[in-house]
Amino acid sequence: MIDEIAAISDDAPARIADATTLAELRAVEAELTGRKGSLTLLKRGLGALGADDRRAAGAALNAAIGTVEAAIAARRDALERADLADVVARERLDLGEVPTTPRRGTVHLVTQTWDRLVDVFVGMGFVVAEGPEVETDWYNFEALNIPSGHPARGMWDTFYVDLGEPETVLLRTHTSPVQIRVMTDQAPPIYAVMPGRVYRRDTADASHMPVFHQIEGLVVDRGISFADLAGTLEAFTSAYFGGSIHSRLRPSYFPFTEPSAEYDINCVFCEGTGCRTCQHTGWLELGGCGMVHPTVLRNVGLDPEEWSGFAFGFGLDRLALMRHGVDDIRELYTGDVRFLEQFPS
Ligand code: PHE
């Protein structure tokens with residue numbers, strides 16, 4: 001048995017060294033110390049030997065197995081390292097080689113939309129105003145005729161800021177508080193649009209994000225009627241979407257407008273024939289609008305007998321999606337360049 005052990009351990013180093021891949025090494029390992037390997041089989045033969053021979057052969061065998069296992073481990077280490085070096089060499093990126101025409105970024109689709117909308121409204125004679133994203137309860141709710149405890153508060157899932165008395169400071173849930181700021185800051189006549197970021201406690205899905213954008217509109221002047229609202233929105237619709245898309249107003253409720261309406265446009269996906277995105281209605285809902293409520297005018301010190309006006313608030317992200325035929329708002333916020341670079345500015 002000692003001779004057999006010696007014979008195997010003599011040529012083991014060469015066989016191990018000859019293995020040039022991890023798979024080959026695994027085969028050699030199986031042949032030597034695997035379940036049916038030559039050294040393993042010898043071990044099983046030990047029981048047939050006399051006590052003295054068994055002790056001597058056992059010791060020699062253990063030593064041989066130890067040496068072989070160590071040699072295999074060392075070889076495996078070397079082969080693995082070579083493999084890694086190979087991968088690194090293959091995936092090497094030459095950062096020294098700067099392309100002669102560097103790739104240029106583009107303005108984000110939301111920003112492009114913001115700019116376009118402002119362009120359209122400025123073209124119609126509006127000015128642009130902005131307000132803070134962290135608001136007080138007064139601007140976001142109270143002044144807009146939404147008293148605390150009023151069920152209408154439930155229309156906006158609010159993020160409150162841990163500042164001052166509980167529920168007095170919040171992330172604005174819409175751009176309507178900017179209406180109050182504009183009316184407080186300047187005397188009518190007012191023709192203003194107010195784009196901005198808004199926040200709601202919503203779970204992200206194809207049509208909702210907890211952070212999104214709106215564009216608010218406000219007109220306050222003498223003798224403003226619902227017809228002015230409808231006409232302005234129809235003019236905006238063809239300016240922004242092109243002549244084949246029209247608007248309609250559907251009765252609705254907002255505490256700060258009376259009467260109130262939802263602003264819909266012809267579905268840009270199916271052009272009115274009915275599809276999944278418009279839920280087979282042929283119309284897409286883009287926001288709310290209405291005649292400024294007399295209580296809101298009084299809240300900012302304006303006499304509703306002298307002044308009247310209209311307001312609207314549209315989902316800016318939704319306008320972007322509809323104009324470009326995209327059906328998932330999350331596309332705007334995942335930052336995937338393959339999506340974004342389809343909208344070169
Ligand atoms: N602020 C309303 C909303 O976010 C939209 C709206 C604005 C409705 C102005 C009427 C007038 O739901």
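The basis for the numbers below is simple: all heavy atoms, side chains too, and nothing from hydrogens, waters or symmetry mates. Counting convention: from 1, in listed order, for ligands and their atoms alike.
- Between F256 and H174, the distance separating the two ring centers is shorter than 6.0 angstrom.
- Near Q179, meaning under 4.0 Å from any of its heavy atoms, are these atoms of ligand 1: 9 (C).
- Residue T173 places no N or O, backbone or side chain, under 3.5 Å from any N or O of ligand 1.
- A salt bridge links R153 with D137: at least one charged nitrogen is closer than 4.0 Å to a carboxylate oxygen.
- Annotation: H174 places an N or O atom under 3.5 Å from an N or O atom of ligand 1; distance criterion only.
- Salt-bridge annotation for R250 and E285: present, with a side-chain N of the basic residue lying under 4.0 Å from a carboxylate O of the acidic one.
- Of all the heavy atoms of E216, the ones lying under 4.0 Å from any atom of ligand 1 belong exclusively to the side chain.
- Of the protein's non-hydrogen atoms, G313 O, 4.0 Å is the one closest to atom 5 (C) of ligand 1.
- Not a single heavy atom of F314 sits under 4.0 Å from any atom of ligand 1.
- Using a 4.0 angstrom heavy-atom cutoff, G287 does not count as in contact with ligand 1.
- An N or O contact shorter than 3.5 Å links S176 to ligand 1 by distance.
- Using a 4.0 angstrom heavy-atom cutoff, R200 counts as in contact with ligand 1.
- Within the structure, ligand 1 lacks M155 among the residues with a heavy atom less than 4.0 angstrom away.
- Salt bridge absent: R248 and E262 never bring a charged side-chain N and a carboxylate O closer than 4.0 Å.
- By the 4.0 Å N-to-carboxylate-O rule, R200 lies too far from D202 to be salt-bridged with it.
- A salt bridge links R81 with D77: at least one charged nitrogen is closer than 4.0 Å to a carboxylate oxygen.
- Below 4.0 Å from some heavy atom of C289 lie the following atoms of ligand 1, by number and element: 8 (C), 10 (C), 11 (C).
- A distance below 6.0 Å separates the ring centres of F236 and F121.
- Between F254 and W156, the two ring planes are tilted [angle within 30° to 60°].
- For ligand 1, the atoms lying closer than 4.0 Å to a non-hydrogen atom of F256 are 1 (N), 2 (C), 6 (C), 7 (C), 8 (C), 9 (C), 10 (C), 11 (C).
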